[in-house]
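Here is the structure we will look at.
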Amino acid sequence: MAVTLKSSRAFARTILVLFGITGDLAQKKIIPSLYRLEEQRLLPPDFLLVGFARRNFEGKKVKQLVRSALARAQIKLGRQVLGRLLKKVFFVRGDVSEEPSFRSLARRVSALEQQGGHCANRLFYFATLPSLYLKISQQLKTLGLLVGCTEHKRETRVMIEKPFGHDLESARVLDRALSRYFSESQIYRMDHYLGKETVQNLMITRFANSIFEPVWNSRYIDHVQISGVVEKAGVEGRGTYYEQTGALRDVVQNHLLQLVALTAMEQPVNFSAAEVRAERAKVLRSIKVWKGKEVSKNIVRGQYGAGRIDGKKIASFRQEEGVASKSQVETFVAGRLFINNERWAGVPFYIRTGKRLGYSATEISLHFKPAPQYLFSAEKTQPNVLTFRIQPNESIYLHLMAKYPGFGMRLHPVDMELGYHQAFAHPIPQAYERLLLDFFQGDQRLFASSEEVEAAWKFTTAILDAWQTTPPPKFPNYKAGSMGPRLAEELIRRDGREWWSLQHKFHK
Ligand code: BG6
């Protein structure tokens, strides 16, 4: 399907100021995505990028910086596309704590606006350490850069990357502080999982087909599993960040809980950002918050020790640069949660995530209750499972019982498959492309609202609090290359269930 662009007003001159253009995120995700958008001619027609960083990349150097990011991302470059993109790139050298730097930025932005003949949409991307967000906002405000232009109806918006705080209290403080500079409608909180094509498809599958909704509830569903951001990868040079973060804050608080929200939400009144975000928030607010002893019963954590992945030796987490030799930080979390509403009463949602596991995948599976056993004995049948393979090998599977060919009456489990790559010739866009495009167009549907972030922190902070007062398991408690600690198996087995995965269908 072709991308429908919003009104041309949304695409008047747009200046994106990228704080942290030399950083990892800009280099790995943002610049390659801008290139791909340019390739598809989806950047606003009058788009300019102004990079801001401490090191000097003035003049030709910033173009070199862009080229090297694209080379690192192994993008097959088209000369014309690259030429068009490079023409749009500018740079201001500066330090976020120095006012003169922001004066230079303000001068550059207004010069670019004057060249365009009128004021522009001013978009700011904070791809920096979260500790700098408020400093940058303050400086932008002081220099009048946050003022929109009523004459031409241009807007200012800000994109911020997670983590939004490190617990409920700090998230609230950050939120309150940001609200001094921006209204909620100007803040785009990035959770890149919301931008993944297959994640967006969850809503379409549920609400555009009539066969799912009637069975999407506790009457038919026994339990739900979300194994998200199960990864072979380790901390990838981000040891210092991860040592302060851990898997619960890094992935559960945002990506995994958003997957829970999209799986469990009610049908929104329409597809507007306000309605969709409100429905996601309702689910997050309805999750039962585990407290005190309930936490150890329902949430388990792990940290990987040395092991092997794909035949390669992997050192333990504690040996990573930036990680303490006796680190108590978790690299794995599994848990069971409940959503306190009519639809999901009593249905457990099992979640798990971890680094240095045996394979990389994200899957959501809905496990249906067994069929009433009048004709076939329970041992011969298996319950239906609807699995959304979010990545890789994007697909949807329905696990069914069928008759094995022959003259007897043998039952055999089979899978009905909808493979994205077989069904659609169109390439799957990267999450960052999609989310940047929405940011340019002013569409917040795929960004987390303040209410969602707060509800997700309520759930995770209660776990963090309980962990503070209970001794952690003896770490490391799982081997790199395994599927996590024994505790995770025990958690689900206690309920008479097993972790489910379609991984066996694909090459590891
Ligand atoms: C990030 C986490 O948000 O998501 C990383 O900080 C994790 O630790 C990554 O590896 C996973 O994203 P993706 O898109 O590669 O599944």
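It should be emphasised that the depicted structure is a prediction, and the values quoted were computed from it without experimental measurement. Read the numbers this way: they start at 1 and go in the same order the structure lists the ligands and their atoms. Residues take their numbers from the sequence shown, with the count starting at 1.
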(request) Take the angle between the ring planes of Trp344 and Phe349 and call it parallel below 30°, perpendicular above 60°, tilted in between. (result) perpendicular
(request) Let me know which of Arg318, Glu320, Gln319, Glu243 forms a side chain to side chain donor-acceptor pair (under 3.5 Å) with Ser327. (result) Glu243
(request) If you have a sec, work out which protein heavy atom is nearest atom 5 (C) of ligand 1 and how many Å separate them, to one decimal? (result) Arg238 NH2, 3.1 Å
(request) Decide whether Tyr304 and Glu330 meet the rule of one side-chain donor and one side-chain acceptor closer than 3.5 Å. (result) no
(message) For atom 11 (C) of ligand 1, what is the closest protein heavy atom, and at what distance to 0.1 Å?
(response) Val229 CG1, 3.6 Å
(request) Return yes if a side-chain donor-acceptor contact under 3.5 Å exists between Arg389 and Tyr397, otherwise no. (result) no
(request) Select one of side chain, backbone, both or neither to describe which atoms of Tyr242 lie under 4.0 Å from any atom of ligand 1, heavy atoms only. (result) neither
(message) Quick test: of every protein heavy atom, which one is nearest to atom 1 (C) of ligand 1, and how far off is it to 0.1 Å?
(response) His255 NE2, 3.6 Å
(request) Go through the side-chain N and O atoms of Asp415 and His399 and say whether any donor and acceptor fall under 3.5 Å apart. (result) yes
(request) Considering the heavy atoms of Lys196, write down every atom of ligand 1 situated less than 4.0 Å from one of them. (result) 13 (P), 14 (O), 16 (O)
(request) Provide the number and element of each atom of ligand 1 under 4.0 Å from a heavy atom of Glu231. (result) 7 (C), 10 (O), 11 (C)
(message) Give me the nearest non-hydrogen protein atom to atom 12 (O) of ligand 1 as residue plus atom name, then the distance to 0.1 Å.
(response) His192 NE2, 3.1 Å
(request) Would you verify that at least one protein heavy atom lies under 4.0 Å from atom 15 (O) of ligand 1, or report that none does? (result) no
(message) Which of the numbered atoms in ligand 1 are under 4.0 angstrom from any heavy atom belonging to Lys355?
(response) 5 (C), 7 (C), 8 (O), 10 (O)
(message) Do Tyr359 and Ser501 pair up side chain to side chain, a donor and an acceptor below 3.5 Å, judged on atom types alone?
(response) yes
(request) Measure the distance from atom 6 (O) of ligand 1 to every protein heavy atom, then report the residue, atom name and distance (to 0.1 Å) of the closest one. (result) Asp250 OD1, 2.6 Å
(request) Would you please say whether a donor-acceptor pair under 3.5 Å links the side chains of Ser33 and Gln430? (result) no
(request) Using distance alone, determine whether Tyr193 and ligand 1 share an N or O pair under 3.5 Å. (result) yes
(request) Tell me yes or no: between the side chains of Gln138 and Tyr181, is some donor less than 3.5 Å from an acceptor? (result) yes
(request) May I ask you to identify, for Glu236, whether its side chain, its backbone, both or neither come under 4.0 Å of ligand 1 on a heavy-atom basis? (result) neither
